[in-house]
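Notes to accompany the following structure.
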Amino acid sequence: MKKFIPAIIAIALIIIVVAASFGAKIIDRYSYSDEQQDMNEYYRIEQEDDVAIVLQNELIETKAKLIDGYYYLSHEDVQELLNDRFYADLNENLLIYTTPTEMITSVIGTNEYDISGAGEQTDYVISMMVNEQLFVALEYVKKYTNFSYEPFTEPNRIALRTQWGERTSAVIKKDTNVRAKGGVKSPILRAVEGGETVTVLEKMEKWTKIKTSDAMIGYVENKFLKDEISEQEIAVTDYEEPEYTSIQRDYKINLGWHQVMTQGANATFEEAVNGTGTMNVISPTWFSLIDNEGNISAIPSREYVNQAHARGMEVWGLVDNFNTEVSTKEILSYTSRRQRLIGNLIDQTLAYGIDGINVDFEQLTYDTGEHFTQFLRELSIECRENGIVLSVDNYVPRESSTHYNRKEQGVVADYVIIMGYDEHWGSGGVAGSVASIGFVEDGIKKTVEEVPSEKVINAIPFYTRIWKTTGGEVTSEAVGMETAENFIAKYNVETRWDEETCQNYGEKQMGDTLYQVWLEDEHSIETKLTVMKKYDLGGVAAWKLGFEKKSIWNLLDAYINS
């Protein structure tokens with residue numbers, strides 16, 4: 001037996017060592033880590049003046065800056081997170097905020113701002129360029145925006161809140177640690193003491209995601225939480241939002257665009273409106289951009305306006321940007337040029353007793369969008385002050401036209417007009433309908449998602465395109481309704497009702513050329529008006545007077561009176 005004792009002892013020692021090793025692993029696995037989180041890494045602080053942002057209950061990538069004791073956010077981030085009405089004119093070194101009645105202007109790099117000629121000062125630089133990027137002081141943004149921010153240090157961060165709702169809170173039972181993730185091995189963000197109140201963000205089986213009072217988002221074990229309650233947060237309402245008043249008629253608008261290319265063409269008024277029934281607005285093409293300084297060509301007529309008023313019609317003078325030698329961006333991106341353009345339009349409108357301005361700026365590049373929106377804000381101030389109706393023409397909503405900012409148009413303008421046509425256009429290279437019913441309804445549906453329906457006017461085409469396809473080359477000609485029907489009759493083109501487009505369609509091969517027409521006629525127009533009724537729009541418009549059959553006005557009269 002004695003000879004087995006050493007072996008037994010050895011085996012016992014091995015068992016003890018293995019057990020100790022296994023126990024140590026078990027202890028290590030379930031023991032609490034003392035590792036401290038690198039807070040600069042956690043908040044992704046890379047530069048000395050960087051300030052992390054906890055927006056609502058989430059740490060976001062965006063950073064603010066701490067400069068001379070004040071917190072700044074880039075202009076782009078101000079627009080995205082806080083208030084998109086802060087506009088930067090980097091050509092003339094201005095930061096502008098526009099209300100329904102005035103422009104608040106500050107020269108970038110100063111502590112001064114101007115409200116309708118009255119100078120004001122702040123204790124801080126309102127905006128400044130940092131590494132070729134514009135930053136705006138949060139204290140200045142707060143003058144015109146409801147939000148809150150609370151600063152903390154080590155590292156620098158702010159708790160930013162722009163939305164308020166129901167908040168669930170809990171009390172820490174006894175001292176513990178907030179960890180970066182749910183687990184005892186996760187690094188420690190900071191210690192929390194018993195009695196401290198935290199915001200409950202997400203409850204899991206053993207851990208709860210919380211936000212501390214100093215804007216740290218992490219995890220504590222469920223066993224350390226008690227007295228969980230829900231309460232309504234109190235919204236910040238320091239800034240009283242001004243009301244954007246609009247001119248809204250208590251009847252549907254029935255507008256016809258009148259193409260007037262010369263002063264002498266104003267004499268065609270009577271011919272244009274003959275038989276137009278309940279048409280209550282006529283929009284002559286009187287104004288056009290002529291240079292990059294904001295000057296316009298103008299061919300209005302007092303007699304024309306008087307004739308319209310005598311018929312109970314308003315006159316909304318149209319301004320276009322169709323001059324290919326003029327850069328719309330060059331005009332709209334300079335405040336002085338925008339103001340010159342606005343002044344010219346208002347002067348002409350008041351001098352001739354014109355009732356409204358119809359803005360028809362087409363093919364705007366994406367980088368012109370913000371300047372176009374600012375132009376409309378500034379123009380709306382003058383229109384509102386002088387009782388002038390402001391309407392804006394828009395394409396059917398597509399991804400390519402989001403920069404027209406229909407939502408803001410719906411706030412600052414009186415009427416937002418959908419140009420519900422040119423689904424297939426002359427230089428598009430594809431033959432098709434000018435305005436199929438699906439195209440029209442999609443445009444209305446998407447527009448009323450952003451603009452109050454009573455402000456929306458849907459424009460219908462009085463024209464048809466006659467398409468010609470020869471050897472793969474597609475061309476077309478836009479013609480009036482009667483001309484299109486004469487073409488059908490002359491060449492004996494058989495037509496049929498197309499349910500997909502809700503138009504009468506005809507085609508005919510003549511030699512090497514295929515001719516195709518999707519007719520705009522009583523049937524197609526009536527279908528469009530039926531869809532428009534469903535959305536309870538503010539009215540109808542039509543391009544252009546003289547292209548319609550007079551019978552169409554019976555349909556428009558019925559729509560207006562419905």
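Since this is a predicted model, take the numbers as computed values, not measurements.
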Q: Measure from the ring center of Y352 to the ring center of W286 and say whether it is less than 6.0 Å.
A: no
Q. Among Y113, Y97, F135, whose ring pair (Phe, Tyr, Trp, His ring centres under 6.0 Å) with F86 holds?
A. Y97
Q. Is the CD atom of Q263 crowded by more than 12 outside heavy atoms at less than 6.0 Å?
A. yes
Q) CG of D68: more than 12 outside heavy atoms within 6.0 angstrom? A) no
(Q) Tell me whether K65 forms a cation-pi arrangement with Y71, defined as NZ or CZ under 6.0 Å from the six-membered ring centre and within 45 degrees of its axis. (A) no
Q) Is it true that the side chains of T237 and N146 contain a donor and an acceptor less than 3.5 Å apart? A) no
Q.
Measuring only between side-chain heavy atoms, which start at C-beta, is I457 closer than 4.5 Å to L255?
A. no
(Q) Determine whether T98 and E378 satisfy the following criterion, side chain to side chain donor-acceptor pair (under 3.5 Å), listing intermediate values before the conclusion. (A) CA-CA 7 Å; T98 310; E378 294 173 10; 4.8 Å; no
N/O donor to acceptor pairs below 3.5 angstrom from side-chain atoms of residues 118-125, sequence neighbours left out:
from	atom 1	to	atom 2	distance (Å)
Q121	NE2	E112	OE2	3.2
T122	OG1	N111	O	3.3
T122	OG1	Y124	O	2.6
Y124	OH	Y140	N	3.2

Q: Determine, using ring centers only, whether H403 and F372 are less than 6.0 Å apart.
A: no
Q.
With no hydrogens and no angle check, just 3.5 Å: does a side-chain donor-acceptor pair link T373 and E408?
A. no
(Q) Could you check whether S336 and E92, counting side-chain N and O atoms only, form a donor-acceptor pair closer than 3.5 Å? (A) yes
Q: Kindly indicate, with the supporting measurements, whether the criterion salt bridge (charged side-chain N to carboxylate O under 4.0 Å, His left out) is fulfilled by R249 and E314.
A: CA-CA 11 Å; R249 304 307 183 204; E314 294 185 20; 2.7 Å; yes
Q. With a 3.5 Å cut-off and no angle check, do the side chains of H371 and Y87 form a donor-acceptor pair?
A. yes
(Q) Looking only at side-chain N and O atoms, does Y415 offer a donor or acceptor that is under 3.5 Å from a partner on N358? (A) no
Q) For D442 and R398, what are the C-alpha separation, side-chain angles and deciding distance, and is it a salt bridge (charged side-chain N to carboxylate O under 4.0 Å, His left out)? A) CA-CA 10 Å; D442 186 59; R398 289 288 184 271; 3.1 Å; yes
Q. Among D238, T162, N83, which one satisfies side chain to side chain donor-acceptor pair (under 3.5 Å) with T145?
A. N83
**Q.** Cation-pi check, K142 onto Y239 ring (under 6.0 Å, within 45° of axis)
**A.** no
Q) Cut-off 3.5 Å, side chains only: do E520 and Q503 have a donor facing an acceptor? A) yes
**Q.** V392 and F361, any side-chain heavy atoms less than 4.5 Å apart
**A.** no
Q. E477 and R465: salt bridge (charged side-chain N to carboxylate O under 4.0 Å, His left out), yes or no, with the steps?
A. CA-CA 5 Å; E477 178 185 5; R465 286 193 176 275; over 6 Å; no
**Q.** Residue E271 excluded, over 12 heavy atoms near CD under 6.0 Å
**A.** no
Q. Quick one: do the E303 and N266 side chains pair a donor with an acceptor below 3.5 Å?
A. no
Q. Do Y304 and H258 have a side chain donor and acceptor closer than 3.5 Å?
A. yes
Q: Given salt bridge (charged side-chain N to carboxylate O under 4.0 Å, His left out), test E46 with K63 step by step and report yes or no.
A: CA-CA 10 Å; E46 298 178 356; K63 299 290 185 296; over 6 Å; no
Q. Can you tell me if CD on Q363 sees more than 12 non-hydrogen neighbours from other groups inside 6.0 Å?
A. no
(Q) Testing the 3.5 Å rule here: is there a donor-acceptor pair between the side chains of S380 and R377? (A) no
(Q) Quick one about N292 and S327 (side-chain donor to acceptor, distance below 3.5 Å, no hydrogens or angles considered), yes or no? (A) no
Q: May I ask you to check whether over 12 heavy atoms, not counting those of K549, lie within 6.0 Å of atom NZ?
A: yes
(Q) Is it true that T527 and T530 share a donor-acceptor pair across their side chains at a distance under 3.5 Å? (A) no
**Q.** Pair K455-S246, side-chain donor/acceptor within less than 3.5 Å
**A.** yes
Q) Does any donor atom in the side chain of D536 or S453 lie under 3.5 Å from an acceptor atom in the other side chain? A) no
**Q.** Intermediate values then yes/no, side chain to side chain donor-acceptor pair (under 3.5 Å), D114 and T105
**A.** CA-CA 5 Å; D114 181 277; T105 305; 5.6 Å; no
Q.
Quiz question: by atom type and distance under 3.5 Å, do the side chains of T335 and D89 form a donor-acceptor pair?
A. yes
Q) Does any donor atom in the side chain of S116 or E102 lie under 3.5 Å from an acceptor atom in the other side chain? A) yes
Q.
So which atom in M481 and which in E548 form the shortest heavy-atom distance, rounded to 0.1 Å?
A. SD-CA, 3.9 Å
